[in-house]
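Okay, structure first, notes after.
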Amino acid sequence: MSITVRPVGYADQPDYTRLGGEAFGTPDGGRPLPTREEWAASGFREWAAFDSDGMAARLRVYGFTSWFHGARVPTAGVAGVAVEPERRGSGHLARLFTAALDEARERGEAISTLFPSAPGIYRGLGYEVVGSFDDVDVPLPELGRVAAPSGVITRRAGVADLDAITAVHRAWAAAQNGPVSRAEKPFWTPPEKYLADYTGVTLAVDGSGEVAGFASWIRGEGFTPASAVMEVDDLIALTPDAARALWRTIGSFSTVVGTARVSTSGLDPAWLVLPGLATTVHAAHPYMLRVLDVAGALGGVGSPLEGARVPFAVRGVPDLDGAWTLTVSDGVTHVERDAVGLEDAHHERPVLSPNGLALLYAGAQSAGNLRLAGHLTGDRAQDAVLTALFSGRQVHVRDYF
């Protein structure tokens, strides 16, 4: 069967919307098509695969930057993947991803991420689960037991505080792997709209008047603890007292709200001030990553391992296959491709699968665990160095797309 893969135009929107509705559901009354102006201003890139029967598969790519190893990394976020049920398993999806990721690489995007409905499908394309975006339920009575903060007060944010909120998020995100920078669409929001999207944005302010944390929350419906749930999109703190102040403010609703449903991931340091473990994961959304450009992703990472030299290879998908050497000089990693065949490389250096490369880069697994999972083979001499090069930051996801 002949398959054509190309960017989606506005004339394709009826089929694109129909296929999305089949995969993700359609609200009562149907899903309206965007106007030409709305579609042109969206900022994302849409791709589709076509065969003789028409559009068979589709996806959307968001271009943004996300934080890894203390720097903002150009990222291709893939969403809205859908394949017509009668064409599933026919190879449309692989060709669709190849075209979309080739374009992303040409645009300088070094990694790609997505939220999978079925991780196994994307593992074959080089993606691996490195973290999870979770909605976690916290009983508000539990927050009444948080110790009182020292030298920190809370107040409601206004438009003039958006620069301070951005600075707090940037400082927090730079210490993690995975957070979106929120500097580009669809994550950048005008200040007035950002505040209007929430019932309130609460600031934690330290004794010097500096904003040391913030929480964005939606009060929700109901006024009995048995039924009312408050949604907390962010609770980010740069100090333990800022975290305590924000948790206690959320907990002050305990007479009329029973649960705070907090968007979080990993072991966020803000959670370490809670006195107990009475939390429940309401929903978990695994997050997958794929490296698009080995040198672009692994090069430029700050490292204290001055003088380290690690030859390695990647084998498993054509665009990443090859032999490489990573060196550390002046506190920064440098990666260059080697003129060594993969068969020769396998005998003299560690060999990563694309999935193992994703896990290592994100700091999600050690080299030892990659070997247990079959994602790292070959020479073992540099395993400890490989682990040390990319560890030290937790994987945190805070934005769903």
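Scored by the side chain to side chain contact (heavy atoms under 4.5 Å, CB included) test, Ala104 finds Arg45, Ala76, Glu109, Leu292 as partners (sequence neighbours excluded). Partners of Trp172 under the ring pair (Phe, Tyr, Trp, His ring centres under 6.0 Å) rule, at least two apart in sequence or in another chain, are His169, His396.
Between Leu140 and Ile250 the shortest heavy-atom distance is CD2-O, 3.3 Å. For Pro141 against Ser254, the heavy-atom pair with the smallest separation is N-CB, 4.3 Å. The shortest non-hydrogen separation linking Thr26 to Gly21 is OG1-CA, 3.4 Å. Here the closest non-hydrogen pair linking Pro85 and Glu22 is CD-OE1, 3.6 Å. Considering all non-hydrogen atoms of both residues, Ala297 and Val291 come closest at CB-CG1, 4.0 Å. Contact detail for Leu195 and Gly158: the closest heavy-atom pair is CD1-C, 3.5 Å.
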Exercise. Taking it one step at a time, do Leu305 and Leu389 satisfy side chain to side chain contact (heavy atoms under 4.5 Å, CB included)?
Worked result: CA-CA 7 Å; Leu305 304 179; Leu389 282 167; 3.8 Å; yes

For this session: Decide side chain to side chain contact (heavy atoms under 4.5 Å, CB included) for Leu298 and Leu357; before the verdict, give the C-alpha distance in whole Å, the side-chain angles of both, and the deciding distance to 0.1 Å.
Result: CA-CA 10 Å; Leu298 276 62; Leu357 179 66; 4.0 Å; yes

Problem set entry | side chain to side chain contact (heavy atoms under 4.5 Å, CB included) between Met230 and Val262, worked out | CA-CA 8 Å; Met230 172 186 290; Val262 186; over 6 Å; no

For this session: Verify side chain to side chain contact (heavy atoms under 4.5 Å, CB included) between Val81 and Leu93, making sure each step is shown before the conclusion.
Result: CA-CA 9 Å; Val81 180; Leu93 197 61; 3.5 Å; yes

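Taking the ring centre of Phe187 as origin, the terminal cationic atom of Arg182 falls outside the region bounded by 6.0 Å and 45° from the ring axis. Remark: Arg349 fails to qualify as a cation-pi partner of Phe312 under the 6.0 Å distance and 45° angle criteria applied to the six-membered ring.
Note that CZ of Arg248 is 11.0 Å distant from CG of Asp241, once rounded to the nearest 0.5 Å. For the atom pair Thr327 OG1 and Arg309 CZ, the distance stands at 8.0 Å (nearest 0.5 Å). To the nearest 0.5 Å, atom OH of residue Tyr127 and atom OG1 of residue Thr113 are 7.5 Å apart. Taking CZ of Arg315 as the start and OG of Ser353 as the end, the distance is 10.5 Å to the nearest 0.5 Å. Rounded to the nearest 0.5 angstrom, Thr325 OG1 and Glu336 CD are separated by 8.0 Å. Between Glu142 atom CD and Trp247 atom CH2 the span is 10.0 Å, to the nearest 0.5 Å.
At a cut-off of 3.5 Å, with distance as the only test, no side-chain donor of Thr259 or Asp137 sits close to an acceptor on the other residue. Donor-acceptor pairing under 3.5 Å is recorded for the side chains of Thr224 and Ser227. Residues Thr65 and Glu184 bring a donor and an acceptor atom of their side chains to less than 3.5 Å of each other. For Ser265 and Ser132, the side-chain atoms include no donor-acceptor pair closer than 3.5 Å. A side-chain N or O of Asp233 and one of Tyr198 form a donor-acceptor pair less than 3.5 Å apart. No hydrogens or angles considered: nothing links the side chains of Thr199 and Trp217 as a donor-acceptor pair under 3.5 Å. For the residue pair Thr202/Thr154, the side-chain donor-acceptor check at 3.5 Å is not satisfied. The closest side-chain donor-acceptor pair between Asp134 and His285, if any, does not fall under 3.5 angstrom.
Checking side-chain atoms of Asp161 against main-chain N and O of Ala157 turns up no donor-acceptor pair under 3.5 Å. With hydrogens and angles disregarded, a donor-acceptor distance shorter than 3.5 Å links the side chain of Ser181 to the backbone of Ala183. Judged purely by atom type and a 3.5 angstrom limit, Arg58 uses its side chain to pair as donor or acceptor with the backbone of Gly80. Side-chain atoms of Asn177 come within 3.5 Å of backbone atoms of Ala362 as a donor-acceptor pair (strictly under, hydrogens ignored). Arg371 places no side-chain N or O within donor-acceptor distance of the main-chain N or O of Asp383, the cut-off being under 3.5 Å. Judged by distance alone, the side chain of Asp234 and the main-chain N or O of Ile236 form no donor-acceptor pair under 3.5 Å. Judged by distance alone, the side chain of Gln365 and the main-chain N or O of Leu359 form no donor-acceptor pair under 3.5 Å. Under a 3.5 Å cut-off, the side chain of Thr387 and the backbone N or O of Ala367 do form a donor-acceptor pair. Remark: side-chain polar atoms of Thr75 are paired, donor with acceptor, to backbone N or O of Val73 under 3.5 angstrom. With hydrogens and angles ignored, the 3.5 Å screen pairs a side-chain donor or acceptor of Asp12 with a backbone N or O of Gly9.
In this pair, Phe44 and Tyr62 present their aromatic rings perpendicular. The plane angle is above 60°, beyond the 30 to 60° band. Ring orientation note: the planes of Phe133 and Tyr400 are tilted relative to one another, at an angle of 30° to 60°.
Annotation: Asp102, atom CG; neighbour count of heavy atoms from other residues, nucleotides and ligands within 6.0 Å is above 12. For Glu86, the CD atom sits in a packed shell: over 12 heavy atoms of surrounding residues, nucleotides or ligands are nearer than 6.0 Å.
Contact annotation: the side chain of Thr279 approaches that of Trp271 to within less than 4.5 Å [non-hydrogen atoms, C-beta and beyond]. Counting only heavy atoms from C-beta outward, the side chains of Val332 and Asp330 never approach each other to under 4.5 Å. Counting heavy atoms from C-beta outward, Arg123 and Glu128 have side chains that approach closer than 4.5 Å. The shortest side-chain heavy-atom distance between His92 and Phe50 does not fall under the 4.5 Å cut-off. Side-chain contact between Tyr10 and Trp39 is present, with heavy atoms from C-beta onward closer than 4.5 Å. For the pair Thr98/Leu125, no side-chain contact is recorded, criterion being any heavy-atom separation below 4.5 Å from C-beta on. Side-chain contact check for Leu33 versus Pro14: some heavy-atom pair is nearer than 4.5 Å. For the pair Trp67/Arg72, a side-chain contact is recorded, criterion being any heavy-atom separation below 4.5 Å from C-beta on.
Electrostatic pairing of Glu46 and Arg60 counts as a salt bridge here, judged by a charged N lying under 4.0 Å from a carboxylate O.
Each of Val129, Asn355, Val130 was checked for a side chain to side chain contact (heavy atoms under 4.5 Å, CB included) with Met288, and the lone residue meeting it is Val129.
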